[in-house]
Amino acid sequence: MSSTVTRALILMGALLVLAALDYSIYGKEQIIRSGEPIYLELAPVDPRSIMQGDYMALRFQLVDAIEGSLSSAPSTANRRAPIVLDDRRIATLAPAGGKSDLLVRYRLRNGRVWLGTNAYFFEEGSASRFVDARFGEFRVDRASGEAVLVALRDREMRVL
């Protein structure tokens, strides 16, 4: 194979990777722009990692509820949990067989439920700003259930 063909193949591969990345970013931006806003209550977790810089480890009470329901529900390839929203749009797992307001997609990673993120990175030195975080604000695509974290909020739902 000539070096010109090799370079052309490398260039085509790089362009395909960049196109796939752009498509993924575009999809997330669409969810952020037009997704349903929901709030997930944070569960206690060790909040800081010195090794990875300034960030807050996140764990959501909804994740615990979904994990608790998995033992009684069959595992499926299409994992979407039914949620109900209260008047403040705080999401909780819908009761089995009950009516739900929305389905939120989750993945299983190492036997744990993953809702798209388990960390919130912030500018170095601004950790004190996020100490009062009590909710993660998400946008959820109604069709796919894909959720994107857009902000952290305090007990009174103020953006941090």
Side-chain angles (χ1 to χ4, degrees), residues 17-49 52-123 126-160:
V17 168
L18 289 174
L21 182 60
D22 283 348
Y23 182 75
S24 175
I25 291 169
Y26 175 77
K28 300 286 188 209
E29 287 175 348
Q30 289 300 106
I31 293 170
I32 291 169
R33 246 190 303 279
S34 60
E36 297 282 331
I38 67 167
Y39 303 97
L40 300 182
E41 193 165 358
L42 293 169
V45 69
D46 182 20
R48 299 289 306 278
S49 171
Q52 293 181 323
D54 278 349
Y55 90 101
M56 178 181 290
L58 300 176
R59 179 102 180 125
F60 300 99
Q61 290 185 8
L62 180 63
V63 166
D64 295 337
I66 294 170
E67 287 177 351
S69 73
L70 290 179
S71 59
S72 61
S75 178
T76 63
N78 185 19
R79 295 184 173 104
R80 298 194 322 163
I83 59 171
V84 291
L85 303 172
D86 69 9
D87 58 333
R88 295 178 9 171
R89 299 195 63 82
I90 297 171
T92 55
L93 189 63
K99 183 179 180 266
S100 69
D101 296 319
L102 195 61
L103 295 173
V104 66
R105 182 174 176 217
Y106 66 91
R107 294 162 185 80
L108 290 176
R109 290 193 178 167
N110 299 321
R112 304 292 313 249
V113 169
W114 176 271
L115 286 176
T117 188
N118 64 354
Y120 188 81
F121 288 85
F122 46 80
E123 187 177 333
S126 64
S128 61
R129 178 176 160 202
F130 299 98
V131 170
D132 294 327
R134 296 296 176 263
F135 296 94
E137 178 183 353
F138 284 80
R139 293 291 187 273
V140 178
D141 179 59
R142 191 167 275 286
S144 69
E146 189 71 29
V148 177
L149 179 68
V150 296
L152 294 179
R153 293 185 174 252
D154 67 10
R155 180 162 294 156
E156 284 77 36
M157 302 302 254
R158 291 181 298 240
V159 176
L160 300 176

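Just so it is clear, the values below take in all heavy atoms, side chains as well, and ignore hydrogens, waters and symmetry mates. All values derive from a computational prediction rather than experimental measurement.
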Practice problem: Look up atom OH in Tyr120 and atom CZ in Phe130, then write down how far apart they are to the nearest 0.5 Å. | Solution: 5.0 Å
Exercise. Could you grab the distance from atom CD of Glu67 to atom OH of Tyr106, nearest 0.5 Å is fine?
Key: 9.5 Å
Quiz item: Are any of the side-chain heavy atoms of Leu108 and Val113 separated by less than 4.5 Å?
Solution: yes
Quiz prompt | Polar side-chain atom of Asp86 near backbone of Arg88 as donor-acceptor pair, under 3.5 Å | solution = yes
Practice problem: Run through Leu103, Val104, Leu102 and flag the one making a side-chain contact (heavy atoms from CB on, under 4.5 Å) with Arg80. | Solution: Leu103
Self-check item: Under-4.0 Å salt bridge between Arg155 and Glu41
Solution: no
Practice problem: Could you pull out the closest heavy-atom pair between Phe138 and Ala147, with the gap in Å? | Solution: CD2-CB, 3.7 Å
Quiz prompt | Leu160 CG to Met56 CE distance, which is reported to the nearest 0.5 Å | solution = 8.0 Å
Quiz item: Salt-bridged, Glu156 to Arg134, with N to O below 4.0 Å?
Solution: no
Exercise. Find the distance between CZ (Arg139) and CD1 (Ile32) and round it off to the nearest 0.5 Å.
Key: 8.5 Å
Practice problem: Verify, without hydrogens or angle tests, whether Ser24 (side chain) and Ala20 (backbone) share a donor-acceptor contact under 3.5 angstrom. | Solution: no
Quiz item: Is there a side-chain contact between Leu42 and Phe60, using heavy atoms and a 4.5 Å cut-off?
Solution: yes
Self-check item: Contact summary for Gly136 and Leu149, nearest pair of heavy atoms
Solution: CA-CD1, 3.9 Å
Self-check item: Heavy-atom side-chain proximity of Leu152 to Leu58 below 4.5 angstrom
Solution: yes
Quiz item: Under 3.5 Å, is there a donor-acceptor pair between the side chain of Ser69 and the main chain of Ile66?
Solution: yes
Quiz item: So, does Arg89 use its side chain to make a donor-acceptor pair with the main chain of Pro37 at under 3.5 Å?
Solution: yes
Practice problem: Heavy atoms only: give me the nearest Val63-Arg59 pair and the separation to one decimal. | Solution: CG1-NH1, 3.0 Å
Quiz item: What distance separates Thr92 OG1 from Leu40 CG, expressed to the nearest 0.5 Å?
Solution: 10.0 Å
Exercise. Verify side chain to side chain contact (heavy atoms under 4.5 Å, CB included) between Glu146 and Gln30, making sure each step is shown before the conclusion.
Key: CA-CA 11 Å; Glu146 189 71 29; Gln30 289 300 106; over 6 Å; no
Self-check item: Distance, nearest 0.5 Å, that separates CE of Met157 from OH of Tyr39
Solution: 5.5 Å
Self-check item: Student check: side-chain heavy atoms of Leu62 and Leu93 closer than 4.5 Å
Solution: yes
